[in-house]
Every structure is written in C-alpha cells, then in structure tokens.
Amino acid sequence: MEKRFRFAGSILSADLLNLEREVASAVEQGIDLIHFDVMDYHFVPNMTFGPGFLKAMRQKFPDVIFDVHLMVSPLTEQIVTDYAKAGASWISIHPESTPHVERFLTLIKESGAKAGLVLNPSTTPNMLRYLWDKIDFVLIMTVNPGFGGQKLIPATLKKIADVKRLATEANVKPVIEVDGGISPETVAVAASYGASVFVVGNAFFGQKDRALALLNLHKALE
Ligand code: DX5
Ligand code: ZN
C-alpha cells in the first residue's frame, strides 16, 4: 500500500558536487522521491539541471521516483519529451508556461510519466475542474518558485484545502504535493489541509543530520 505521507528531497539544496552520493544517501535515509527542479532563467530567475543530467541519474538509480518540476517558458514539446525520455517518473508543468496546458498534460501521460499541474502562489486552481482526467497530481507552490530555502507564504495553505475541495466535488483523488518552505513547523498544517507529498530542500538536504531531520518531519505529522 502507498504510504500516507511521502517526502520528495529537492536536490537543489543538496551538495551539487556530489549528487550521486547525495541521492544514494537520501534514498537510504528514507526519502521517497527525488524532486528535480528544472529552471531556465526565463520562467524563474535561476538556472538548473538539464535532461542529460537526469538521464545519467536515471542510469545510476533505476528505481528512484524522479519528480521533475518544469519551471520553463515557453514550455515546448521537445522539453517535455526530452525529460520523459531521460527517465522522469513524474512531470509537472506551470499553466503560465503555455497556452496549451491540456495538450501538454496529455503528452506527459502518453510518455508514461505521471502528469502534474503546478500552481504558483497567485494562481487560481479553477482550471483543475476541466483537467482532472489528465491530472495525476497537483503541485501547490507554497513559495514563489526559483530558489530553495524561502519562507512559506501562509496564504498558499488555504489553496491546498481549495484543491482538495475541487477534487472531492469532481470525485477524484489526485495526489496533492506542496513545494517550498516545508519544515517540521509547517508540514503538519499542510497535511491537515490535504497535502500528502512534501518537497523538502532546505529542511532535508540543508541539514547536518539528515536522518534526524527526516525523523522530525515524520514526527511532526503524527
Ligand atoms: C523552488 C523549488 C523547490 C525548492 C524547495 O523553486 O521549486 O523545489 O527546492 O526548497 P525548500 O524546501 O528549501 O523551500
Ligand atoms: Zn520544485
């Protein structure tokens, strides 16, 4: 059975010169997914990992769930296809990055990956109502995307409940994932509103004792 709560370690906050070791030890310590932030200097003011890098990771870690968060603009078919072929397990896209959200969600699903829609702090969840059959998960940004280590924006928490309500109304059960500023202080309230997958950058990779950090995150959910 699927775990009730899962943690996605964001390698943005890992030791970038030792990512192979970082992913191996994170998985060993009990991290459930590896969150892979893709940034292009257009959609967000930062730049990160390409598909070649994901492919190399996938070869080393055939069983890891790679949760690829595309922060790129404009989104193109090539970008989605490249990351899918490189081994993404989950792929999420921002509606601001393309006028053709439905088409891209379909493309992701056809590629065999799980498809997710990402909601920025100021993005309304309304369009979910027309997209549920194309959506496996909703990624709710609890900070403005671009950087790790930011403080959670409290107003975004209510959106978790809004998404949950929209899903219940539509009789669907998407995974709800939250991204940004998740810590032992914020994780429980996010869970109480309906989130079950938590991205942790600073709260896991940024900590000296990561096993303890993960334990404290789990404890906060008890
Ligand atoms: C922000 C990224 C996040 C980031 C989260 O743009 O989408 O995945 O790594 O980092 P923390 O957990 O440190 O807020
Ligand atoms: Zn992310």
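The first residue of the sequence shown is numbered 1, and numbering continues consecutively from there. First listed ligand is number 1; within each ligand, the first listed atom is number 1. Bear in mind the structure is a predicted one, so any value in this text is a computation, not a measurement.
The aromatic rings of His94 and His69 sit parallel to each other, their planes meeting at less than 30°, with 60° as the upper class boundary.
Ionic pairing of Lys114 and Asp67 is not present here: no N-O contact between side-chain nitrogen and carboxylate oxygen is shorter than 4.0 angstrom. Ion pairing between Arg165 and Asp162 holds under the 4.0 Å rule for side-chain N and carboxylate O. With respect to Lys151 and Glu185, no salt bridge is recorded, no charged nitrogen being found less than 4.0 Å from a carboxylate O.
Nearest protein heavy-atom neighbour of atom 10 (O) of ligand 1: Gly148 CA, 3.5 Å. Counting only heavy atoms of the protein, atom 5 (C) of ligand 1 lies nearest to Asp179 OD1, 3.5 Å. For atom 1 (C) of ligand 1, the closest non-hydrogen atom of the protein is Phe147 O, 3.5 Å.
Judged by the shortest distance from any of its heavy atoms, Gly181 lies inside the 4.0 Å radius around the atoms of ligand 1. Using 4.0 Å as the threshold, Val143 has no heavy atom nearer than that to any atom of ligand 1.
Those atoms of ligand 1 with a heavy atom of Ser10 less than 4.0 angstrom away are 4 (C), 8 (O), 9 (O). Atoms of ligand 1 found under 4.0 Å from any heavy atom of Asn202, numbered from 1 in the order shown, are 11 (P), 12 (O), 13 (O). For ligand 1, the atoms closer than 4.0 angstrom to any heavy atom of Pro145 are 6 (O). Remark: ligand 1 atoms within the under-4.0 Å shell around heavy atoms of Met71 are 6 (O), 7 (O). Taking a cut-off of under 4.0 Å to the non-hydrogen atoms of Val199, the atoms of ligand 1 that pass are 8 (O). Those atoms of ligand 1 that come under 4.0 Å of a heavy atom in Met141, given as number and element, are 7 (O). Close contacts between ligand 1 and His35 involve ligand atoms 8 (O) [criterion: under 4.0 Å to a heavy atom]. Within the listing of ligand 1, atoms 14 (O) sit less than 4.0 angstrom from a heavy atom of Gly180.
With hydrogens and angles left out, the side-chain atoms of Asp82 and Gln78 include a donor and acceptor closer than 3.5 Å. Under 3.5 Å, the side chains of Ser73 and Glu96 contain no donor-acceptor pair of N or O atoms.
Between Lys164 atom NZ and Thr168 atom OG1 the span is 5.5 Å, to the nearest 0.5 Å.
A heavy-atom distance below 4.5 Å is not found between the side chains of Leu221 and Leu217. Side-chain contact check for Phe61 versus Glu20: some heavy-atom pair is nearer than 4.5 Å. Put simply, the side chain of Leu70 does not reach to within 4.5 Å of the side chain of Val118, judged on heavy atoms.
Asp179 has its closest N, O or S atom to the Zn ion (ligand 2) at the position named OD2. When you scan the N, O or S atoms of Asp37 for the one nearest the Zn ion (ligand 2), you land on OD1.
The shortest N/O to N/O separation between Gly146 and ligand 1 falls below 3.5 Å. Residue Asn144 has no nitrogen or oxygen atom sitting less than 3.5 Å from a nitrogen or oxygen atom of ligand 1, judged on distance alone. For ligand 1, the polar-atom distance check against Gly201 finds a nitrogen or oxygen pair separated by under 3.5 Å. In terms of polar-atom proximity, defined here as any N/O pair under 3.5 Å, Gly149 does make such a contact with ligand 1.
With His35 as reference, Leu139 is the one residue of Ile11, Leu139, Val200 to meet the side-chain contact (heavy atoms from CB on, under 4.5 Å) rule.
In this structure, Asp209 places its CG atom where more than 12 heavy-atom neighbours from other residues, nucleotides or ligands lie under 6.0 Å away.
His35 contributes NE2 and His69 contributes ND1; the angle these two atoms make at the Zn ion (ligand 2) is 100°, rounded to 10°.
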